[in-house]
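Okay, so here's the structure we're looking at.
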Amino acid sequence: MNGPLLRGELLRWYGRAKRDLPWRKNSTPYRVWVSEIMLQQTTVAAVTPKYEAFLRRFPTPASLAHSIEDEVLKHWAGLGYYSRARNLRRAALEIVAAHGGKFPSEYDAVLALPGIGRYTAGAILSIAFQKPYPLVDGNVIRVFSRLFGLKGRAKDPAFVKKMWPLAERLVPAKKPGDWNQALMELGATVCTPDSPSCGACPVARHCLAFKKGLQDALPLPEVRRKPVPVRWTCLWIEKKGQVLLWRRSDKERLLKNLWGLPEAGRLAASPGRRIAAASHSITHHALKVELRKASPQNGAALPHEAKWVPRSEVRDYLVSSLWLKLLKGAGYPA
Ligand code: SF4
């Protein structure tokens with residue numbers, strides 16, 4: 001493997017072929033950080049329309065730190081994995097408290113922030129600070145597995161661990177951010193999971209999998225986890241223009257700490273007519289949810305998790321797209 005040649009070819013390709021994405025303009029540490037957190041487990045297509053709107057509302061770490069959590073969750077609506085938004089705000093509070101509102105530039109300080117792991121620290125330091133820190137994500141694992149002919153499953157922790165020393169050896173002192181992004185861009189657009197476009201690949205002549213015709217066999221296929229079925233019956237309880245919502249606790253299996261519609265059985269109300277149904281996936285859970293009209297039993301005290309909210313504000317509370325599907329299904333304005 002000729003490292004300098006490989007790097008030069010991939011960097012030149014990146015310079016001419018990279019996608020025009022909003023977070024690639026004006027790569028400040030804050031903008032890079034927000035984009036990296038949004039892009040974890042969420043597609044570029046889903047993040048792109050949300051990203052600028054989020055930054056308009058929270059243009060600095062201080063503005064994020066001084067916001068209330070529900071407001072941040074509202075601007076995260078539709079991106080899923082809401083603990084990311086909470087950690088973003090917690091980290092912003094720490095940036096204000098410990099770093100005077102300025103994003104830290106030292107590796108250990110970045111890694112110490114809530115929600116930031118080795119990958120995100122590497123991305124921020126290389127892209128925004130031009131420091132030669134490596135990163136490894138799903139795209140990089142796939143590219144390395146094929147380029148170096150390494151057999152393993154991309155989600156196997158032992159295999160992932162093997163990728164870090166390779167990434168460390170390859171990351172250049174000059175343009176480390178471009179190098180890291182070039183690797184990920186190659187994985188996202190050329191060295192794709194299915195049918196990689198080896199004919200259009202700028203580093204095909206260095207690629208062991210291509211030489212051996214193994215590009216479709218590497219990395220090894222994942223062992224598929226069977227989705228866990230979950231069934232909920234939720235209630236639409238409305239009185240004098242107000243709707244009863246439910247704050248889910250941090251003990252819940254799904255949608256922890258988020259507002260939702262109450263599940264039947266959690267308060268004194270009998271489910272009535274079915275008004276909507278939806279299927280929804282969260283991590284490896286396959287939810288089937290039905291929504292029924294109900295009225296609370298007269299005189300029954302409401303549990304502390306329940307809250308009456310004006311109907312016009314319901315959408316501000318229900319950030320998960322599961323609720324959106326149900327509201328649409330019931331013919332309520334989303
Ligand atoms: Fe991936 Fe094919 Fe390029 Fe190898 S030659 S890195 S398998 S796209």
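Whatever order the structure lists them in is the order used to number ligands and atoms, beginning at 1.
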Fill in: From Arg90, Arg86, Lys74, residue fulfilling side chain to side chain donor-acceptor pair (under 3.5 Å) relative to Glu69
Arg86
Discussion item. Quick test of your reading of the model: are Arg266 and Glu252 salt-bridged, counting only N-O distances below 4.0 Å?
Written reply: yes
Worksheet item: Which atoms of the protein, restricted to N, O or S, are nearer than 2.8 Å to atom 4 (Fe) of ligand 1?
Response: Cys207 SG
Worksheet entry | Stacked cation flag Arg311 on Tyr332, 6.0 angstrom / 45 deg | yes
Worksheet item: Is any NZ, NE, NH1 or NH2 atom of the basic residue among Arg118 and Glu168 found under 4.0 Å from an Asp or Glu carboxylate oxygen of the other?
Response: yes
Worksheet entry | Student check: side-chain heavy atoms of Met163 and Leu150 closer than 4.5 Å | yes
Discussion item. Whether Arg231 and Glu263 form a salt bridge (side-chain N of Lys/Arg under 4.0 Å from carboxylate O of Asp/Glu) is what I want to check.
Written reply: no
